[in-house]
Every structure is written in structure tokens, then in C-alpha cells.
Amino acid sequence: MFQPIPAVRTTLTHTNCVVSTPLGYRPLMLDLHVPPGDGPFPVVLWVHGGGWMTGSRIWTVDQQFHERMVARGYAVADVDYRLASEATYPAPQADIEAAVRWLRHHAADLRIDPGRFAVLGESAGGQLAAIAALTGTGDTAIQAAILWYGPADLSHLRDEDDPFTNLAVLFGGPLRERASVARMASPLYNIRADGPPFLLVHGTEDDIVPFPEAVGFAEALRAEGIRCDVLPVDGAGHVFVGASVEVGTLTEAGADFLDDVFGPR
């Protein structure tokens, strides 16, 4: 099946920036969209989904995502990470960290603010975004996180003995044999009291990552004193299918959250 021709990305400022060259693998890149002006601008790292097996940094749920965020004064970095068939966990986590380090190192030249880094991940990318937010320190620190229907607990899923599920490929074996890795990759088990604020945007009818999982994760974050806002999307399944609102309003809600967290610019 032929894939469609990607639309021209009118906001793109820096393309194919190599952020990491892991030995034996392809170079990992990001594309950066920066608003006009001197800055420095807060930056949002977009982490794509795809069940850890598929997906691309150039694909977004909201087709006007970059335009909306740039118009609100946010730079957006679309980041690569190795997929499960390329490398087992924690390789993708290390790839997100490499992107954060690269952006922070070049922040002055890129007109971005090294003290205002956010992550926004969808589905599998939501898990990676949450882990980046909860484990990052120093040059990998994250100051805000937005999750679109991201899983919080990877340790208690169906088909624990199946070696061919996406997570089994990601972890290098069936879940029952990789329990410690599954917990290490689960945001729920990586919460720390000094974690950044979170916004969870989740469909109430999601049958891939059920809405109660987001509620439970929010409660766990709040129990540690971390701000966590939850935005239910009525009637929506995974990837906001069947949502009662336009997906662009959810992007704008994320920008509102970041405005509140980061304050005046």
C-alpha cells in the first residue's frame, strides 16, 4: 500500500537534526518548529505513538498541531526513537533523553528556553513522554508533561505468555519473564515527589488504554503532591476516535495548561 505524500510543513525551521548515533543503528533525528522572533521559546517534544512498533515523528493526530502550538508561542520538536523491532527497552527511553540533551545543549542557537521543556506523547509515545518527565534530571529534566491516552502500567496486561505481542518484542520476551523491565518502563512505578505537572487527555470509551487507567495514574501522582489535571474526552476511543469535540481543541487545551505551568513569557 502506498503511503500518502506528506503535506508541506510550513512551520518547519530545522529539519533532520541528528541528535544521536547509537552504535549499530540508524541515526536518530528530530525536526524543530520555532515561532518567529527572538525567543527564547518554551519547547514541546512531540513523541509519536504506534504501539512501540510503528509510527513516525512526522505524523500527528491533529493535522494543525504545529501551526496551533507555534501560534501560541511554543517551539515543537518532533523526535525519533528506536522501535521495538530495532532495539529492546530501554533503548527508546534513551533516545528521548538524547533528544532532550541535544536541544538543551543547542538551546541558545535554536532560540528555545532550556528551563521550559515539555513533552507531549500519544499512546505508546505517552508512556515514553511520562517516563522522560518522571526520570529526567539535570540536562534531561522536563518541566511539564501532556499525555494523550498513554498507558501508565505495562506490568499487568493480557497475553503475558505470548512472545509476539508488541510489549514482548519491546521487552525482549514474554511479559511474565520480563516483569522487572515492565515495571521499569511503567510511569506508575516511576513517580517521584518532585515530578513535573501533568495533563492527561483521555477518551472515556478507550478500549486500548481504558480511561480508569488515566484516573488511577492521576490519583497516584496527586498522592505524591504532583499536579495532575485530567481532561476526559467524552465518547472518544483510542486516538480520539468518536470524540465529541474537534481534536484541535485538545491541542489548545494543552497549550492552555502549559501557559498556566510556565507563566507569562
Side-chain angles (χ1 to χ4, degrees), residues 1-3 19-29 45-61 78-99 119-136 140 145 147-191 200 202-203 205-217 220 237-241:
M1 179 177 177
F2 291 106
Q3 297 297 317
V19 301
S20 178
T21 54
L23 187 63
Y25 298 94
R26 60 188 169 96
L28 298 169
M29 301 178 184
L45 282 79
W46 164 253
V47 189
H48 71 83
W52 302 278
M53 293 288 286
T54 64
S56 163
R57 70 180 187 271
I58 68 170
W59 183 84
T60 54
V61 181
D78 309 322
V79 300
D80 266 344
Y81 59 87
R82 282 169 287 179
L83 301 175
S85 58
E86 296 179 282
T88 56
Y89 207 84
Q93 178 178 339
D95 299 338
I96 303 302
E97 292 172 352
V119 286
L120 195 165
E122 65 100 16
S123 194
Q127 174 266 327
L128 292 171
I131 284 291
L134 291 168
T135 63
T140 62
L147 273 59
W148 286 359
Y149 44 86
D153 185 359
L154 306 181
S155 65
H156 297 290
L157 301 178
R158 299 184 298 271
D159 304 318
E160 290 187 337
D161 295 313
D162 187 343
F164 300 110
T165 65
N166 289 12
L167 284 175
V169 177
L170 178 68
F171 295 149
L175 276 177
R176 195 177 302 280
E177 299 174 6
R178 297 292 189 272
S180 61
V181 181
R183 287 180 67 91
M184 179 181 71
S186 297
L188 184 64
Y189 300 112
N190 284 273
I191 296 172
L200 310 184
H202 212 107
E205 303 303 317
D206 194 329
D207 61 357
I208 303 298
V209 183
F211 180 69
E213 184 166 345
V215 174
F217 185 43
H238 209 59
V239 200
F240 300 137
V241 172

Practice prompt. Taking all non-hydrogen atoms of both residues into account, name the closest pair between Ala130 and Leu147 and its distance.
Written response: CB-CD2, 3.7 Å
Worksheet entry | Nearest heavy atoms of Ala124 and Gly50, plus distance in Å | CB-N, 4.4 Å
Discussion item. Between Arg26 and Asp80, does any NZ, NE, NH1 or NH2 come within less than 4.0 Å of an OD or OE carboxylate oxygen?
Written reply: yes
Worksheet item: Within the side chain of Arg57, is there an N or O that forms a donor-acceptor pair under 3.5 Å with the backbone of Val47?
Response: no
Discussion item. For Gly51, is there any backbone N or O sitting under 3.5 Å from a side-chain donor or acceptor partner on Asn166?
Written reply: yes
Worksheet item: Which atom names give the shortest non-hydrogen contact between Ala182 and Leu175, and what distance separates them?
Response: CB-CD2, 4.1 Å
Item to complete: Output the distance between atom OG1 (Thr88) and atom CG (Leu170), rounded to the nearest 0.5 Å.
Response: 7.5 Å
Worksheet item: Can you check side chain to side chain contact (heavy atoms under 4.5 Å, CB included) on Leu120 and Leu45, steps first, answer last?
Response: CA-CA 6 Å; Leu120 195 165; Leu45 282 79; over 6 Å; no
Worksheet item: Between CG of Asp207 and NE2 of His238, what distance do you get to the nearest 0.5 Å?
Response: 9.0 Å
Worksheet item: So do the side chains of Pro22 and Arg82 get within less than 4.5 Å of each other, counting heavy atoms only?
Response: yes
Worksheet item: Ring centres of Tyr149 and Phe211 under 6.0 Å apart?
Response: no
Discussion item. Taking Leu154's backbone N and O only, do any of them form a donor-acceptor pair with Ser186's side chain (distance below 3.5 Å, no angle check)?
Written reply: yes
Discussion item. Could you check whether any side-chain heavy atom of Thr135 comes within less than 4.5 Å of a side-chain heavy atom of Glu97, counting everything from C-beta outward?
Written reply: yes
Discussion item. Checking the side chain of His202 only, and the main-chain atoms of Val209 only, is there a donor and an acceptor separated by less than 3.5 Å?
Written reply: yes
Worksheet entry | Short side-chain to backbone donor-acceptor contact, Glu86 and Leu83, under 3.5 Å | yes
Worksheet item: Of the non-hydrogen atoms in Met53 and Val169, which two are nearest, and what is the gap between them?
Response: SD-CG1, 4.0 Å
Worksheet item: Does a side-chain heavy-atom distance below 4.5 Å link Leu28 with Thr21?
Response: no
Worksheet item: Are the side chain of Ser123 and the backbone of Gly125 linked by a donor-acceptor contact shorter than 3.5 Å?
Response: no
Worksheet item: Taking all non-hydrogen atoms of both residues, which atom of Val79 and which atom of His48 are closest, and how far apart?
Response: O-CD2, 4.1 Å
Worksheet item: How close do Leu134 and Phe217 get, heavy atom to heavy atom, and via which atoms?
Response: CD1-CZ, 4.2 Å
Worksheet item: Do Val19 and Met29 have side chains that get closer than 4.5 Å, going by heavy atoms?
Response: no
Response to the item:
When rounded to the nearest 0.5 Å, the distance separating CG of Asp162 from CZ of Arg176 is 11.5 Å
Worksheet item: So, Trp46 and Glu122: side-chain donor and acceptor under 3.5 Å apart, yes or no?
Response: no
Worksheet item: Within the distance-only criterion (no hydrogens, no angle test), does the side chain of Gln127 pair as donor or acceptor with the backbone N or O of Ala152 below 3.5 angstrom?
Response: no
Worksheet entry | cation_pi(Arg178, Phe171) dist<6.0 Å, angle<=45 | no
Worksheet item: Centres of the Trp148 and Phe240 rings: under 6.0 Å?
Response: yes
